[in-house]
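To start, the structure itself, in structure tokens.
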There are 2 protein chains.
Amino acid sequence: MQLKRADVVTGALALLDADGLDALTMRKLGARLGVQAGGIYWHFRNKQAVLEAVADRIVGEVTATPFEPGAWDAQLAELAHRLRRALLAHRDGARVVAGTYVLEPNTERGAEAALRIMTDAGFPLDRAGWVLFAVTYYVLGHTIEEQAQRAQGDWEERGKTLPASELNRLMDEVIKADPTERFTYGLELILDGVRLRLEESRGRSTCSEEK
Amino acid sequence: MQLKRADVVTGALALLDADGLDALTMRKLGARLGVQAGGIYWHFRNKQAVLEAVADRIVGEVTATPFEPGAWDAQLAELAHRLRRALLAHRDGARVVAGTYVLEPNTERGAEAALRIMTDAGFPLDRAGWVLFAVTYYVLGHTIEEQAQRAQGDWEERGKTLPASELNRLMDEVIKADPTERFTYGLELILDGVRLRLEESRGRSTCSEEK
DNA sequence: ACCTGAACACCGTTCAAGT
DNA sequence: ACCTGAACACCGTTCAAGT
């Protein structure tokens with residue numbers, strides 16, 4: 001059976017889940033695929049290209065199931081939550097996606113879906129792009145942090161040697177908090193801003209006067 | 001003259017600015033410092049520790065000059081802009097800081113400054129922490145993107161082979177837009193959300209009725 | 001067309017030994 | 001205390017040569 005591009009991606013994803021991004025080498029990937037490391041270069045230009053394909057596979061989950069029709073802000077929130085879950089589904093998923101400037105098909109599909117949501121709601125295309133960027137950065141940053149388990153261990157270690165400062169107490173609380181709740185809080189901050197601007201552009205006051 | 005920790009950080013930062021993060025190796029750093037690569041390990045546990053110290057040096061600019069007294073939202077915006085400028089001041093600055101979970105002194109100072117701004121404004125400590133996380137993620141994500149010049153070149157190349165889609169036109173506009181303006185737009189989205197929550201917690205309506 | 005085998009030019013890290 | 005010299009166990013990538 002001949003090696004196909006899709007097989008390489010599947011193998012790389014399995015290796016990623018098993019050992020993490022730092023242990024994902026072309027040599028180990030070759031071994032898993034029953035091939036010399038050099039052989040992979042017939043299918044992919046270089047390691048970066050493999051990682052881009054892996055990133056696109058991960059992001060593909062976001063558009064795998066269709067979106068329920070509904071209000072634009074609910075849809076945008078759903079999109080953000082899907083992206084976070086897709087990243088969390090694979091070890092170091094957020095780092096892989098953040099590290100590759102993805103122009104692959106699945107990522108394009110996701111971006112276009114998000115833009116349609118915004119423009120359908122009456123947002124001008126360029127502002128919709130800026131909103132999409134802001135939301136994406138937030139999701140990536142938050143999820144990278146969630147997957148960096150170092151955080152917890154390091155902080156606990158440090159907390160013992162440090163004086164009981166305000167920052168210290170806060171970090172304890174932030175780490176103990178439910179990550180999904182924390183994620184949703186920040187996402188809602190952004191969505192509030194978008195709602196405000198959308199209402200302004202519709203020529204309404206920021207007071208909700210309708211009933 | 002003996003090698004000090006601070007010299008290693010200065011050398012690493014110079015190497016970073018000259019050649020970028022990917023070319024920053026312990027061997028090249030040693031050469032620049034007039035020392036064998038192994039010698040660095042007497043001062044730092046490993047390469048990661050060097051990068052953490054570099055990250056803290058970069059972030060130190062944020063608290064280098066005192067904050068003007070003023071409204072909390074203006075101060076928080078100032079903090080975010082300072083962080084972005086500090087990251088942009090060095091090649092791959094955002095990637096370095098994002099890649100190191102920093103618990104170094106300058107970063108702690110910055111975090112505590114930000115928390116004080118929020119709690120002085122009447123925000124509960126735990127929510128202040130969540131807001132700070134959200135803002136930090138946004139700044140890091142946006143600035144990583146700004147520093148990935150790949151974006152521009154790659155997209156222009158791709159744009160020629162792709163059909164003239166809506167996404168295509170948008171990306172052109174987003175790339176051409178002033179980065180500072182784009183950054184400020186997303187930041188204001190978040191700040192709007194924070195303002196809303198602060199007003200609610202003060203028991204006022206979202207309508208500004210004073211005046 | 002697709003992959004092997006072997007090489008090239010590197011890495012980070014360790015550690016005896018020097019001073 | 002501070003650093004050298006040399007080694008160890010790796011890397012990503014290339015490319016003639018095989019099938």
Side-chain angles (χ1 to χ4, degrees), chain A residues 1-57 91-92 95-102 148 150 154, chain B residues 1-57 91-92 95-102 148 150 154:
Chain A
M1 247 290 282
Q2 211 173 258
L3 194 64
K4 295 296 296 171
R5 278 180 65 98
D7 301 329
V8 177
V9 176
T10 302
L13 201 53
L15 204 52
L16 185 73
D17 286 333
D19 301 332
L21 180 58
D22 294 335
L24 173 45
T25 71
M26 295 299 269
R27 286 169 144 90
K28 286 185 192 159
L29 179 54
R32 172 176 281 267
L33 298 169
V35 145
Q36 292 292 111
I40 301 171
Y41 288 79
W42 199 90
H43 299 277
F44 288 89
R45 199 166 73 275
N46 52 27
K47 185 181 179 180
Q48 179 67 21
V50 174
L51 290 177
E52 280 171 19
V54 170
D56 197 55
R57 172 81 63 89
R91 164 116 88 127
D92 293 329
R95 264 171 74 206
V96 172
V97 171
T100 59
Y101 186 79
V102 201
R150 283 172 302 149
D154 280 13
Chain B
M1 247 291 282
Q2 212 172 257
L3 195 65
K4 295 297 295 173
R5 278 180 65 98
D7 301 330
V8 177
V9 176
T10 302
L13 201 53
L15 205 52
L16 186 72
D17 286 333
D19 301 333
L21 180 58
D22 294 335
L24 174 44
T25 72
M26 296 299 269
R27 286 171 144 90
K28 285 184 191 160
L29 178 54
R32 172 176 281 267
L33 298 169
V35 146
Q36 294 291 113
I40 301 171
Y41 288 79
W42 198 90
H43 301 275
F44 289 89
R45 200 166 72 275
N46 52 26
K47 184 181 180 180
Q48 179 66 24
V50 174
L51 289 177
E52 280 170 19
V54 170
D56 198 54
R57 172 82 63 90
R91 165 116 86 128
D92 293 329
R95 266 171 73 204
V96 172
V97 171
T100 59
Y101 187 79
V102 200
R150 283 173 301 149
D154 280 13

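In what follows, every chain begins at residue 1, and chains take the letters A, B, ... in the order their sequences are listed.
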All N/O donor-acceptor pairs, side-chain side in residues 32-45 of chain B, below 3.5 Å, sequence neighbours left out:
| residue | atom | partner | partner atom | Å |
| --- | --- | --- | --- | --- |
| B:H43 | NE2 | B:L3 | O | 3.4 |

Please measure how far the P atom in C:dA9 lies from the corresponding atom in D:dA9, and state the result in whole Å.
22 Å
Any B:T10 side-chain heavy atom under 4.5 Å of B:R57 side chain:
yes
Test item: B:D7 side-chain N/O and B:K4 main-chain N/O as donor-acceptor pair under 3.5 Å
yes
Looking at the side chain of A:K47, which of C:dC11, C:dT13, D:dG12 is the nearest nucleotide?
D:dG12
Under 3.5 Å, which donor-acceptor pairs do the side chains of residues 11-25 of chain A form with other protein atoms, sequence neighbours left out?
| residue | atom | partner | partner atom | Å |
| --- | --- | --- | --- | --- |
| A:D17 | OD1 | A:H90 | ND1 | 3.2 |
| A:D17 | OD1 | A:R91 | N | 3.2 |
| A:D17 | OD2 | A:H90 | ND1 | 3.0 |
| A:D22 | OD1 | A:R95 | NH2 | 2.9 |
| A:T25 | OG1 | A:K28 | N | 3.1 |

May I ask you to list the residues of residues 34-43 of chain A, by number, that have any heavy atom positioned under 4.0 Å from an atom of DNA chain D?
A:G38, A:Y41
Quick one: closest heavy-atom pair of B:T100 and B:V96, and the distance?
OG1-O, 3.2 Å
Using whole Å, report how far CG of B:L24 lies from C1' of C:dC10.
15 Å
Using a 4.0 Å cut-off on heavy atoms, which residues in residues 26-33 of chain B reach DNA chain C? List them by number, or say none.
B:M26, B:R27, B:K28
If we take the C1' atom in both D:dA7 and C:dC11, what is their distance in whole Å?
14 Å
Whole-Å distance between D:dG12 P and A:F44 CZ?
15 Å
Let's test your reading of the pairing rules: Watson-Crick or G-U wobble, both distances under 3.5 Å, then write DNA chain D as a dot-bracket string with ( ), [ ], | and dots.
||.|||||...|||||.||
